[in-house]
There are 2 protein chains.
Amino acid sequence: MKRKITLKDIAKELDVSISTVSKALKNSREIGKETTDKVQAFAKLYNYRPNNIALSLKNKHTKNIGVIIPDIVHYFFTTVFSGIENYANSKGYNVIICVSNESFDKEVINMEMLTNGSVDGFIMSLSAETQQKKDFNHLIEVQNQGIPLVLFDRVTDDVSCDKVILDDKKISIDVIQKFYDSRKRKIAIVTNQGFFSVSDKRAEGYREGLLKNNIFVDTALELKLNYKNIDENAIRHFFQNNEVDAVFCVNEIFAISCMKIVQSLGMKVPEQISFIGFTDGLLSRFSNPSLSIVAQHGDKMGEMAAKMLIDKIEAEFEDDEVATFRTEIIQATILERESTIN
Amino acid sequence: MKRKITLKDIAKELDVSISTVSKALKNSREIGKETTDKVQAFAKLYNYRPNNIALSLKNKHTKNIGVIIPDIVHYFFTTVFSGIENYANSKGYNVIICVSNESFDKEVINMEMLTNGSVDGFIMSLSAETQQKKDFNHLIEVQNQGIPLVLFDRVTDDVSCDKVILDDKKISIDVIQKFYDSRKRKIAIVTNQGFFSVSDKRAEGYREGLLKNNIFVDTALELKLNYKNIDENAIRHFFQNNEVDAVFCVNEIFAISCMKIVQSLGMKVPEQISFIGFTDGLLSRFSNPSLSIVAQHGDKMGEMAAKMLIDKIEAEFEDDEVATFRTEIIQATILERESTIN
DNA sequence: GAAAAAAACGAAAACGGTTTCGTGTTAATA
DNA sequence: TATTAACACGAAACCGTTTTCGTTTTTTTC
């Protein structure tokens, strides 16, 4: 097992100083051609690579970015992450990922773990619990330490930082409009119970979309489900007791679950009842009928988040003016498949 | 923006030496009670945290582990990763993740990126291209540098290291047996074209399972699909031209795709034709009928891999005896849902 | 041929910790 | 009271780099 070779090793072996080796390796004009060649040849032979940790310590940056997401076994987050990883890698950054499991405590523990110099910045999406508690001190703290932060998707107005979000409300209005245009009038929404900023925005859009078309907003047509434990009886009950011809779901699991039950109740999708969900995952692509959805373009979101973060990181050492924050909006699109009619 | 406070800052402020501060913070008996209290109070007040990078440099380990997987937008890998992350975190390790995108080049680039001191060890699953090329020099190289490596799922006999795999072959035999026991005799397999070690093992099990029950192995009943571009016509053609009453698929996407087409061809699942797939993902749970599958228990796999790696890492500084490698086998289980009969 | 400039290299500080090994005080012991 | 042990602390090395600032030697220039 050959140990990693260091500058010191090379220096000793070639009988020059460490600084000479370092400079020779970077083709400094300070060092003579002969020495440079000798050093480089030796370094190549022994496959010398500078130690990253030492570089980090010296340069005060790690070229690591921390990503904290609520869940990894989750299509949307996974696509966002993919976008982040891609962009980050292309810029020479590695990404350290922590999952909060929707828990506030794990979120702060994870942040603290990474705040001690391990990363140059954070990209994160708030856990359910954090959104519920509305306690953002860990985010503020991190920012105070000069570590840039960008929030995506599940964001909050209570902390000022860069953000990248979907136009959840607008696209939801569009969804309702599409339903309306295909002569649907009894439009239901299936959303999360609890405290998801995005679900709320989608519900807002739903209501506004109805109003815009002079449809009475009937709260009886709003079904709230628990994302980690879907109550099929509640769904069945809902559809048995409400006359509905279109359903807007805030995620694909809700949509598929409802669609399956509705079909088992003997209704035809999309002829009698149309469905549109969120998230362009496998489920919607392979369901029967395949589900029309609003595509969130997670990869673009991730890419954008990574770009914003890295821009901030690399601008950091410029000046100490007050930072200025942007929030970028990713355009969602409706992808029509078999669960809707025109 | 208050900068991070260092030992030096505390020392200067309290007019003691850096070493005193360091020791006081660790409750060294070398330091007097008064000084210790004073230092700790100050440190707490200013929320001092030791700089991780400095520690890494000093201690020659980073408490980071590198995970390289072929794809992140992928249920199975995501569950494995979840297991890794969980265990690693509980042991105070962070995990840096890189995705190879099934590309050999990206795999070696990623490894090289992390080999320069950024991680204490690797957990990985081989990319498709790597399995095809059978070039494992980057793995050997990493091991030569004394960095422990554990391979999971997509492994190779060509490099000796710790491994954790599924009993792919055995469980496949079990699947065939289950088909046989429910009076199925015309059993097909839908597998990957190409070079996936796991798919091959499953196909082996399929054949052995047939043989065991004295069923003729008919290669006409082996359908090979491209995982990134599923040819629906090939599937249709296959099922129109072969009489089949049970299908074993090496992943859930193949299973769902086939099931959908078979149903559109007017066959009843599971009465006329049964399906069993691999991967306990959303697709199989929410398909119609829901798909019976062999559960790979990715989380357990990840946990095991992480445990093996961390054990190796922390044993590292013991002795220089020849390392001894284990390969752990995770027990797969068949999960019956609606796509099979008894 | 002497002064100035250029070339080639090394010493040392710095990044932020830990740790070993002094060293000066005070307290205990003979 | 002299000697030793215990106590409380500091200096310095070390981890592996980079970089500034000498210093020495050689080359130019006048």
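Labels below follow one simple rule: chain letters A, B, ... track the order of the sequence lines, proteins then strands, and each chain is numbered from 1.
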Item to check | Interatomic distance where CG belongs to A/Asn52 and P belongs to D/dT18 [whole Å] | outcome: 11 Å
Checklist outcome for this item: Assign each of B/Lys33 and A/Ile18 the nucleotide of DNA chain D bearing its closest heavy atom; nearer the 5' end lies the nucleotide of B/Lys33
Checklist entry - What does B/Leu55 touch in the nucleic acid at a heavy-atom separation under 4.0 angstrom: a base, only the sugar-phosphate, or nothing? => result sugar-phosphate
Next on the checklist: Under 4.0 Å from OP1 or OP2 of C/dT18: is there any side-chain N or O of B/Ser22 that close?
Outcome noted: yes
Checklist entry - With respect to the phosphate group of C/dT19, does any side-chain polar atom (N or O) of B/Lys26 fall under 4.0 Å of OP1 or OP2? => result no
Item to check | Between B/Asp299 and B/Thr79: side-chain donor-acceptor atoms closer than 3.5 Å | outcome: no
Next on the checklist: Students often mix this up, so state it plainly: with edges at 30° and 60°, are the rings of A/Phe77 and A/His74 parallel, tilted or perpendicular?
Outcome noted: tilted
Next on the checklist: Nearest whole Å is fine: how far is C/dT20 P from B/Lys58 NZ?
Outcome noted: 9 Å
Item to check | Test: B/Glu102 and B/Arg154 ion pair at under 4.0 Å | outcome: yes
Next on the checklist: To check you understand the geometry: which heavy-atom pair defines the closest contact between A/Ile313 and A/Pro148, and what is its length?
Outcome noted: CG1-CG, 3.8 Å
Checklist entry - Starting at CD of B/Glu34 and ending at P of D/dC7, how long is that distance when rounded to a whole Å? => result 16 Å
Checklist entry - Has the side chain of A/Thr35 got a donor or acceptor atom sitting under 3.5 Å from an opposite partner on the base of C/dA8? => result no
Item to check | Distance, rounded to the nearest Å, where A/Ile5 contributes CD1 and D/dC15 contributes C1' | outcome: 17 Å
Checklist outcome for this item: Taken to the nearest whole Å, NE2/A/His61 to C1'/D/dT17 is 12 Å
Checklist outcome for this item: When rounded to whole Å, the CG to C1' distance for the pair B/Asp37 and D/dA8 reads 14 Å
Checklist entry - Hey, does the side chain of A/Asp9 reach the backbone of A/Thr6 with a donor-acceptor pair shorter than 3.5 angstrom? => result yes
Checklist entry - Of B/Asn59 and B/Thr20, whose closest DNA chain D nucleotide lies nearer the 5' terminus? => result B/Thr20
Next on the checklist: Taking B/Lys134 first and then B/Asp158, would you say they form a salt bridge - that is, a charged N and a carboxylate O separated by under 4.0 Å?
Outcome noted: no
Item to check | A/Leu25 CG - D/dT17 P separation (whole Å) | outcome: 9 Å
Item to check | Listed nucleotide nearest any side-chain atom of A/Tyr48, set C/dG16, D/dT17, C/dA11 | outcome: D/dT17
Checklist entry - Within the structure shown, what part of the strands sits under 4.0 Å from B/Lys60 by heavy-atom distance: base, sugar-phosphate, or nothing? => result sugar-phosphate
Checklist entry - Hey, does B/Thr6 reach any base, or is it just sugar-phosphate, or nothing, if we go heavy atoms under 4.0 Å? => result sugar-phosphate
Checklist entry - What is the distance from CG of B/Asn116 to P of D/dT18, rounded to the nearest Å? => result 12 Å
Next on the checklist: Under a 3.5 Å distance rule, please check whether A/Lys312 uses its side chain to pair with a backbone N or O of A/Phe325 as donor and acceptor.
Outcome noted: no
Restricting both atoms to N or O, compile the protein contacts to nucleotides 21-26 of chain D shorter than 3.5 Å, with distance only.
from   : atom 1 : to      : atom 2 : distance (Å)
D/dC21 : N4     : A/Glu30 : OE2    : 3.4

Item to check | A/Leu57, nearest nucleotide to its side chain (from C/dC15, D/dC15, C/dT19) | outcome: C/dC15
Item to check | Shortest non-hydrogen separation from A/Val95 to A/Phe81 and the atoms involved | outcome: CG2-CE1, 3.4 Å
